[in-house]
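The block underneath contains the structure these notes are about, expressed in structure tokens.
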Amino acid sequence: MATTKDYILYVCERIGDIGDVRYRSMMGEYIVYINDKPIITVCENTCYVKELPIIEDLMKDESKGYPYEGAKEHYILDIENIDLCFEVLKILESVTPLPKKRKK
């Protein structure tokens, strides 16, 4: 089951106050960008963030999963827990580099 358009719009609306939020479709699923940085992977109506040491303490009680076959394990971000979301997303946005421009 692919992520629904309603769900990705809901996710972006929930975190909209954190910065410039946009999404991009990737093979039927989505990547959510915050200030042009890829932060959240949304697959099958579930939000995933990379399993990084900097958020380990915040996410220690959260579930983990694989966003797609062949992916590394990620934390599952509970989009309903807005306080945790904002705390985690602010940290991830601060340490995530901007994607490199591709040469044509």
- prompt: Do the side chain of N45 and the main chain of T4 share a donor and acceptor less than 3.5 angstrom apart?
  reply: yes
field: Student check: side-chain heavy atoms of T96 and I39 closer than 4.5 Å
entry: yes
query: What residues form a side chain to side chain donor-acceptor pair (under 3.5 Å) with K5, not counting sequence neighbours?
result: Y23
field: Nearest non-hydrogen partners of C47 and Y7, listed with the distance
entry: SG-OH, 3.7 Å
query: Rounded to the nearest 0.5 Å, how far does CD1 of I91 lie from CD1 of I55?
result: 7.5 Å
Sequence-distant partners of R24, side-chain contact (heavy atoms from CB on, under 4.5 Å), two or more places apart: M26, Y33
message: Strictly by side-chain hydrogen bond (donor to acceptor under 3.5 Å, both in side chains), give each pair with a member in residues 49-64 just once, sequence neighbours left out.
response: E51-K64
- prompt: How far apart are the closest heavy atoms of P97 and P38, and which atoms are they?
  reply: O-CD, 4.4 Å
query: Judged by atom type as modelled, is there a donor-acceptor pair below 3.5 Å linking the side chain of N35 to the main-chain atoms of D20?
result: yes
- prompt: Rounded to the nearest 0.5 Å, how far apart are OG of S25 and CD1 of I8?
  reply: 9.0 Å
Could you pull out all donor-acceptor pairs under 3.5 Å where a side-chain atom in residues 65-86 meets a protein atom, sequence neighbours excluded?
| unit_1 | atom_1 | unit_2 | atom_2 | d |
| --- | --- | --- | --- | --- |
| H74 | ND1 | K72 | O | 2.7 |
| D78 | OD1 | E80 | N | 3.0 |
| E80 | OE1 | Y10 | OH | 3.1 |
| E80 | OE2 | Y10 | OH | 2.7 |
| N81 | OD1 | L84 | N | 3.2 |

task: Show your working on side chain to side chain contact (heavy atoms under 4.5 Å, CB included) between I40 and I31 and close with a plain yes or no.
output: CA-CA 6 Å; I40 304 172; I31 301 292; over 6 Å; no
- prompt: What salt bridge (charged side-chain N to carboxylate O under 4.0 Å, His left out) pairs are there with at least one residue in residues 85-103, not counting sequence neighbours?
  reply: K37-E93
field: Evaluation steps, side chain to side chain contact (heavy atoms under 4.5 Å, CB included), between Y48 and V42
entry: CA-CA 6 Å; Y48 296 89; V42 183; over 6 Å; no
L98 side, atom CG; D36 side, atom CG - distance, nearest 0.5 Å: 6.5 Å
- request: Hey, could you give me each pair passing salt bridge (charged side-chain N to carboxylate O under 4.0 Å, His left out) that has a residue in residues 7-19? Not counting sequence neighbours.
  value: none
